[in-house]
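Sequence lines set the chain letters: A, B, ... in the order given, protein chains first and strands last, and positions in each chain run from 1. Note that the structure is a prediction, hence the values are computed from the model and not measured. As a basis for the values below, the full set of heavy atoms in this structure was taken, side chains included, without hydrogen atoms, waters or symmetry mates.
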Protein chains: 2
Amino acid sequence: MADVARLAGVSSQTVSRVSNGYAGVTEETRRQVLAAMKELGYRPNSAARALKRGEFRTIGVITFTLSTTGNVRTLEAIATSAAGEGYAVTLLPVAVPTQDEVRGAFSRLEELAVDAVIVIMEVHLLDAATIKLPPHVQVVVVDSDAGDHYTVVDTDQAGGSRAAVRHLLDLGHETVWHLGGPEDSFAAQRRADAWRATLAGAGRPVPPLSRGDWSAESGYRAGLELAAREDCTAVFAANDQMALGLLRALHERGRRVPEDVSVIGFDDIPEAGSFLPPLTTVHQDFAEVGRLCVDAVLRKMRQDGPERGTTLVPTRLVTRASTAPPPARSTAGPEEPAG
Amino acid sequence: MADVARLAGVSSQTVSRVSNGYAGVTEETRRQVLAAMKELGYRPNSAARALKRGEFRTIGVITFTLSTTGNVRTLEAIATSAAGEGYAVTLLPVAVPTQDEVRGAFSRLEELAVDAVIVIMEVHLLDAATIKLPPHVQVVVVDSDAGDHYTVVDTDQAGGSRAAVRHLLDLGHETVWHLGGPEDSFAAQRRADAWRATLAGAGRPVPPLSRGDWSAESGYRAGLELAAREDCTAVFAANDQMALGLLRALHERGRRVPEDVSVIGFDDIPEAGSFLPPLTTVHQDFAEVGRLCVDAVLRKMRQDGPERGTTLVPTRLVTRASTAPPPARSTAGPEEPAG
DNA sequence: CCATCGAATGTTTACGTAAACATAACAGCA
DNA sequence: TGCTGTTATGTTTACGTAAACATTCGATGG
């Protein structure tokens with residue numbers, strides 16, 4: 001900076017003013033400084049800036065895994081939004097989802113150059129950890145129900161599940177089975193709760209709950225059991241991957257989709273439209289989730305946002321070929337041959 | 001730091017020594033300092049450290065999109081490896097893959113606090129851009145053939161393609177069709193080149209090349225045309241998503257997989273084993289790619305690595321149900337009914 | 001018993017920037 | 001003409017750390 005100042009014949013402070021776009025610099029002077037900067041290839045030193053300003057213009061993102069579509073898409077949206085606001089994004093992978101590991105990530109974070117943190121994980125792993133965060137680092141949480149304690153941005157899980165179940169009931173199914181996610185996932189829990197509540201609200205029986213671990217393989221295993229139940233004509237899977245495994249299990253057991261069994265997923269991953277058959281599913285707007293996370297975290301840093309509470313991003317049901325009315329059976333209704 | 005020093009009754013320099021684990025501090029003194037740090041909740045200021053040390057302990061990763069499995073898995077492995085080495089990872093999304101955008105990303109990078117950059121993209125977009133990089137920032141490139149100009153880490157695309165094509169030929173197919181990736185992708189180009197070379201090396205005819213854009217939807221469109229060709233009994237798709245679309249097209253056109261047509265993919269995404277039928281594919285070790293990237297970039301920073309050249313990560317053929325011998329036809333072979 | 005040496009610790013300084021304050025130059029007005 | 005206010009620019013200082021150098025003190029050896 002001193003070199004630039006010397007070459008331009010001004011003080012280093014004037015260089016700083018030009019560099020930061022402050023007013024009060026003659027157009028003439030500005031031009032000279034800019035020319036000098038260019039000639040010397042001057043780049044402001046971000047460490048010195050951060051030291052002086054007391055902020056890093058960086059947002060940290062903590063997440064367990066990038067193997068779920070949702071996390072990845074959210075992260076991508078966060079990175080894009082943050083870049084648009086002049087913020088960088090630093091990634092903090094947590095190898096194993098245990099409280100110890102999370103605590104470790106947060107303590108690494110303490111030494112890290114971030115002004116705020118966005119956490120993409122379940123709160124119950126988070127609880128014991130956050131205490132140690134530096135005082136001025138703001139937190140926003142995704143994928144959890146911690147609205148009372150943190151600022152939370154999430155997809156409207158309940159609304160999506162409700163739409164999925166209603167769609168199947170509207171098609172004429174007596175009830176809807178659910179292939180849920182792992183027990184310790186709040187997203188899974190909320191999807192299951194909404195499924196149960198919607199059935200109960202419609203006065204329908206609530207079939208036993210199957211569980212997978214989000215993977216297609218687990219959906220396949222659970223699907224083999226569901227396929228054996230003759231009375232199962234409609235399944236709502238808690239994500240598209242498990243729905244994929246379910247489709248394979250049904251196919252192997254000779255149950256046609258959607259003629260014999262309707263299947264509906266959750267997420268609307270890019271491949272969902274290419275499944276056999278193309279999957280009806282609940283579309284999540286991850287881009288919006290990411291955008292809102294950055295919004296929220298920046299507003300908190302400027303201290304003009306709500307401290308706590310949950311922002312829900314609406315979902316949209318995407319109807320494809322995997323859902324249809326139930327097969328005509330021994331019910332009281334009239335039997336019609338398939339068109 | 002001064003507060004800690006005061007509380008511990010030592011100088012700030014001694015605090016610094018403890019903080020950085022230098023020798024030459026009495027065990028007694030160290031304990032006092034550590035106690036003081038804990039009591040005051042002291043955390044070293046990374047901006048000041050970076051300013052003083054002249055390095056940020058941060059690696060920047062530039063990529064276009066996180067919507068391809070490969071990029072995501074590579075990124076995840078990079079983040080994990082980097083964390084293990086005490087480095088943070090900063091994400092630099094590039095919205096549109098144009099040279100202008102890339103140049104923009106690199107110029108943002110210049111002001112960014114990174115010591116090195118890993119670029120996950122095609123070189124031809126990179127060429128005009130890198131010139132402006134700060135002098136001491138090292139670069140490692142993934143997914144490209146720029147070994148002459150940069151340090152490159154990549155999957156052994158050619159080896160994987162060769163294995164895929166040979167597998168199909170060994171099963172008895174006369175030749176293998178290829179559903180390639182977009183024209184401007186080097187990965188796609190190398191997979192197609194190896195496919196062509198392997199066929200030529202075996203003295204087989206080289207069918208016309210179909211192209212997609214990596215998406216399942218594009219695989220479906222290309223698949224509809226391939227399905228119409230009676231003489232097409234084996235297809236090597238350049239990635240699993242396109243293979244998925246291809247499977248759907250074949251199914252819709254009444255061509256059974258693998259009885260009528262064998263299909264093989266590339267990547268081995270987690271869902272590949274749950275396709276209908278489960279997909280034979282070329283497994284890529286993205287974790288290893290990411291690890292090697294970090295290795296290479298750190299070695300370059302320590303100036304004891306090779307400046308240029310390509311490191312190839314081997315692939316592995318995963319055989320599942322989507323490949324089988326060709327249907328018995330008007331060839332000289334004996335006709336057998338399906339078991 | 002004193003010079004010498006090494007280990008432990010303290011003091012000074014600089015990293016590059018930008019806020020705060022200081023100064024200079026000039027216009028407007030009585 | 002001299003005073004005031006405004007604008008452009010210069011000077012000083014501090015951000016938190018760690019390298020370089022300085023000092024202290026006890027131990028060792030002649």
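A/N20 places its CG atom 7 Å from the C1' atom of C/dA18, with the value rounded to the nearest Å. The CZ-P distance, from B/R43 to D/dG16, rounds to 16 Å in whole Å. In this structure, A/Y22 atom OH and C/dT17 atom C1' are separated by 11 Å, rounded to whole Å. Rounded to a whole Å, the CZ atom of B/R57 is 14 Å from the C1' atom of D/dT17. In this structure, B/D3 atom CG and D/dG16 atom P are separated by 10 Å, rounded to whole Å. Between B/R30 atom CZ and C/dA7 atom C1' the separation is 14 Å, expressed in whole Å. The CG-P distance, from B/N45 to D/dC15, rounds to 12 Å in whole Å. Rounded to whole Å, the distance from CD on A/E27 to C1' on D/dT7 is 15 Å.
A side-chain N or O of A/S19 and one of A/R49 form a donor-acceptor pair less than 3.5 Å apart.
Side-chain N/O atoms of A/R49 include one lying less than 4.0 angstrom from OP1 or OP2 on C/dA18. When the side-chain nitrogen and oxygen atoms of A/T26 are compared with OP1 and OP2 of D/dT9, one or more of them lie within a distance under 4.0 Å. The side chain of A/S16 contributes no N or O atom lying less than 4.0 Å from OP1 or OP2 of C/dG16. Phosphate contact (OP1/OP2 of C/dT9, side-chain N/O of B/T29, threshold under 4.0 Å): present. For the pair B/T14 and C/dA8, the criterion of a side-chain N or O lying under 4.0 Å from OP1 or OP2 is not met.
Side-chain proximity of B/Q13 to the nucleotides C/dT17, D/dT11, D/dA19 is greatest for D/dA19. When distances run from any side-chain atom of A/K52 to the nucleotides C/dG16, D/dT11, D/dT17, the shortest one goes to C/dG16. The nucleotide whose nearest atom lies closest to any side-chain atom of B/S11 is, among D/dA18, C/dG10, D/dG10, C/dG10.
The CD atom of A/E76 lies 12.0 Å from the CZ atom of B/F64; values are rounded to the nearest 0.5 Å. Annotation: the span from A/L7 atom CG to A/Q32 atom CD amounts to 9.5 Å, rounded to 0.5 Å.
A salt bridge links B/E55 with B/R57; the closest basic N to acidic carboxylate O contact falls under 4.0 Å.
Comparing B/G24 and B/L51 against DNA chain C, the residue whose closest nucleotide sits nearer the 5' end is B/G24.
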**OP:** May I have the step-by-step check of side-chain contact (heavy atoms from CB on, under 4.5 Å) for A/I62 and A/I118, ending in yes or no?
**Re:** CA-CA 6 Å; A/I62 296 194; A/I118 295 173; over 6 Å; no
